[in-house]
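Taking it in order: structure first as structure tokens, then the write-up.
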Protein chains: 2
Amino acid sequence: MKSRTTIQDVAKKAMVSKVTVSYVLNGRDADVRISQETRARVLQAAEELGYRPSGVARMLVNQRSGTIAVVFQYASYFSHWSSFTSDVMRGVCEAAVVEGFDLMLHTKATETVDQELNQLLDGRVDGALVLRDGNDPMVQQLINRGFPFVLFFTRNYDPRACFVDSDNYMGGQIATDHLIKLGHRRIGMVRGSHQSTSSNDRFNGYRDALESNGIACREDHVLAIPTPDSPLGGLDDLMARPDRPTAFFIWSDDVAYPVMGRLKELGFECPRDVSIVGFDSLPSSELCSPRLTSVKQAIEEIARAATQMLVARINGEDIRQRQQIFPLTLDIRSSTGPAPDLT
Amino acid sequence: MKSRTTIQDVAKKAMVSKVTVSYVLNGRDADVRISQETRARVLQAAEELGYRPSGVARMLVNQRSGTIAVVFQYASYFSHWSSFTSDVMRGVCEAAVVEGFDLMLHTKATETVDQELNQLLDGRVDGALVLRDGNDPMVQQLINRGFPFVLFFTRNYDPRACFVDSDNYMGGQIATDHLIKLGHRRIGMVRGSHQSTSSNDRFNGYRDALESNGIACREDHVLAIPTPDSPLGGLDDLMARPDRPTAFFIWSDDVAYPVMGRLKELGFECPRDVSIVGFDSLPSSELCSPRLTSVKQAIEEIARAATQMLVARINGEDIRQRQQIFPLTLDIRSSTGPAPDLT
DNA sequence: TATACTTACTGAAACGGTTCAGCACGATGA
DNA sequence: TCATCGTGCTGAACCGTTTCAGTAAGTATA
């Protein structure tokens with residue numbers, strides 16, 4: 001295991017001090033003047049030795065790593081690396097390249113919050129993009145420490161926190177409005193976790209859309225997302241009732257697919273008997289049959305915005321707005337249609 | 001910008017030397033004995049100051065970062081962060097967590113190979129998982145430098161190189177065999193780049209399967225994957241001919257979808273008029289209509305295996321086998337059926 | 001001929017840890 | 001009483017850079 005070529009090696013070969021090598025290689029012509037001959041000698045020595053400066057040593061002295069961390073939820077019912085995550089990463093990568101930052105991934109299922117914090121605070125990253133729930137204990141710790149981070153796809157209203165999120169409330173509204181306009185009056189929802197802000201916001205949007213149209217929001221038409229324990233449990237019962245929903249607004253496309261599958265098995269044709277609106281507008285929603293109407297988040301844009309906001313924080317710039325909320329749009333496809341006549 | 005709490009601060013507060021702090025915090029009881037009182041004092045001081053050791057300083061002295069890089073192709077017709085990439089990352093993350101390594105992402109579109117190398121060789125990572133084509137100039141550089149890395153989903157037969165790959169040749173074979181067994185004799189292919197080993201292997205498997213069944217491989221039945229410039233150009237012409245293929249083996253599912261779409265527009269029903277076999281068996285292939293028969297790679301497994309191999313290399317273990325090749329399977333769905341009678 | 005100003009370069013300290021060798025002290029054994 | 005040993009701790013060197021303050025020599029200015 002031969003050890004790395006250091007700046008000292010280059011210095012010796014070029015018969016100058018390592019300081020000179022540093023100045024030449026970093027092109028700091030403004031600060032220190034180096035003669036052309038010396039410069040050439042240094043450059044050649046570096047070239048011949050195949051010298052690569054140690055980023056680690058640099059980080060240590062500069063107190064800056066030029067790297068940002070992306071922190072994911074480490075466990076969830078859905079896979080970490082779904083299409084959603086892909087879009088997120090694309091946005092983050094793009095923005096990071098532009099801003100000149102490298103990326104670290106923190107999806108590690110460490111034992112304790114403390115261990116996770118060690119990872120983030122050990123100087124290897126200048127800041128973090130956090131895709132955890134805004135109430136995660138770790139988030140509070142980061143706030144208290146004054147560590148530069150930006151939440152995305154979630155919220156935390158602490159005045160010291162920054163976040164970029166979709167307008168989930170609006171998402172619930174436009175999905176529900178669309179169904180109401182199609183004549184549906186009994187609109188069910190398959191909702192996400194009660195712990196998650198996004199989930200609650202979507203639900204509130206759904207409820208308010210109903211109520212502002214004079215439709216009562218019925219608890220018994222709201223189902224929880226399936227888990228390994230209770231996979232679509234309530235759906236069969238609900239659809240067996242005479243006052244069954246004629247449409248569903250569903251937490252996410254990933255959940256909408258199996259729901260559509262189950263409804264078909266139960267003999268309901270979509271959209272003739274029941275309409276479905278999903279959330280995320282995954283690429284697959286264009287391929288499935290019927291093509292799924294779905295609320296679309298500007299995932300890449302949000303990811304880019306969050307990255308830019310983080311970089312601004314790292315650079316100590318004044319953040320004009322610490323909260324950014326992006327509007328949502330509805331991709332109308334063929335899984336939604338006029339309400340059936342059930343009289 | 002208050003500077004970080006250092007080991008020195010803890011030492012002062014606990015009234016010991018920083019060496020003692022280091023020993024206590026690292027639990028090096030075997031090497032150096034510390035009294036219970038001192039230990040307690042140090043621990044408390046560290047706790048009260050909220051001390052987090054600098055990973056950077058550690059890396060510098062240990063000459064080891066506990067981090068591996070994942071290097072992606074920086075440009076391609078397909079999106080970086082497709083479902084394929086998701087699966088790859090899931091496998092890599094899992095294995096990295098188990099092995100105790102952190103992850104850096106290198107998808108950066110740097111100007112030159114040299115700049116990219118700087119990134120990898122600057123000591124921030126102990127090794128790299130490389131998802132570039134095996135002939136990428138960067139790969140050769142890494143080999144020459146003796147940098148620990150493992151290629152995956154591609155190959156390089158240099159004896160100093162390590163790789164983990166799918167048996168693409170076999171993939172081409174089983175896809176084609178399946179079609180032949182269904183009675184197809186005129187089987188087209190939409191092939192990938194001529195530069196990529198995987199692509200050539202798949203093609204060779206396809207060709208050999210044909211020929212070992214007494215069917216000539218016809219150049220005019222082989223199309224290139226669509227690019228922004230020539231989107232599915234040759235397909236229309238090919239299908240207009242009387243000796244058109246009755247089946248296609250297609251480079252990837254991502255390409256298969258638009259091909260299926262176009263065939264439908266041209267009035268061909270799948271699988272009645274034409275059968276399609278894709279490659280990757282994406283989740284969407286279960287959702288699209290008809291459900292797409294597709295060759296499946298053990299993506300996560302390969303990613304895990306590559307990660308483990310890399311860690312072994314980093315740890316200086318003797319690598320038993322520097323090449324691992326994983327078999328492929330065929331997910332038979334409804335896009336393939338008996339050959340139509342075209343007489 | 002003394003003074004100031006460039007030019008070209010360098011020594012030493014710092015960044016925040018780890019490791020090695022060694023030291024002071026009290027207890028033990030001969 | 002002296003050598004030996006174990007215990008508990010520390011000084012100094014080191015990892016590979018950058019930065020600050022300075023120095024020595026040559027050149028222009030007065």
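First the proteins, then the strands, lettered A, B, ... as listed; each starts at 1. Quantities reported herein were computed from a predicted structural model and do not represent experimental measurements.
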Q) Just how far is it from atom CZ of B/Arg124 to atom CG of B/Asp122, taken to the nearest 0.5 Å? A) 4.5 Å
Would you indicate, yes or no, if [N] has its OP1 or OP2 atom less than 4.0 angstrom from a side-chain nitrogen or oxygen of [X]?
{"X": "B/Ser54", "N": "C/dG17", "answer": "no"}
{"X": "A/Gln63", "N": "C/dG16", "answer": "yes"}
{"X": "B/Tyr23", "N": "C/dC20", "answer": "no"}
{"X": "A/Thr6", "N": "D/dC15", "answer": "no"}
{"X": "A/Thr38", "N": "C/dC9", "answer": "yes"}
{"X": "B/Ser17", "N": "D/dT10", "answer": "yes"}

Please state how far atom [atom1] in [X] lies from atom [atom2] in [N], giving the value in whole angstrom units.
{"X": "B/Asn26", "N": "C/dT19", "atom1": "CG", "atom2": "P", "answer": "7 Å"}
{"X": "A/Ile7", "N": "D/dT19", "atom1": "CD1", "atom2": "C1'", "answer": "12 Å"}
{"X": "A/Met59", "N": "D/dT17", "atom1": "CE", "atom2": "C1'", "answer": "12 Å"}
{"X": "B/Arg33", "N": "C/dC23", "atom1": "CZ", "atom2": "P", "answer": "20 Å"}
{"X": "A/Asp122", "N": "C/dG17", "atom1": "CG", "atom2": "P", "answer": "10 Å"}
{"X": "B/Arg4", "N": "C/dC15", "atom1": "CZ", "atom2": "C1'", "answer": "11 Å"}
{"X": "A/Leu25", "N": "D/dT17", "atom1": "CG", "atom2": "P", "answer": "10 Å"}

What contact category does [X] fall into here, base, sugar-phosphate, or nothing, at under 4.0 angstrom with non-hydrogen atoms?
{"X": "A/Arg58", "value": "sugar-phosphate"}
{"X": "A/Val16", "value": "sugar-phosphate"}
{"X": "B/Thr20", "value": "base"}
{"X": "A/Arg28", "value": "sugar-phosphate"}
{"X": "A/Arg52", "value": "sugar-phosphate"}

Q: Check the surroundings of atom NZ in B/Lys12: do more than 12 heavy atoms from other residues, nucleotides or ligands lie under 6.0 Å from it?
A: no
Q) Got a salt bridge between A/Arg90 and A/Glu94, using NZ or NE/NH1/NH2 to carboxylate O under 4.0 Å? A) no
Q. Between A/Lys18 and A/Arg41, who's closer to the 5' end of DNA chain C by nearest nucleotide?
A. A/Arg41
Q: Could you go through the ring pair (Phe, Tyr, Trp, His ring centres under 6.0 Å) check for A/Phe163 and A/Phe153 one step at a time?
A: CA-CA 8 Å; A/Phe163 67 79; A/Phe153 301 101; over 10 Å; no
**Q.** Evaluation steps, salt bridge (Lys or Arg N to Asp or Glu O under 4.0 Å), between B/Glu37 and B/Arg41
**A.** CA-CA 6 Å; B/Glu37 305 164 55; B/Arg41 235 183 316 126; 5.7 Å; no
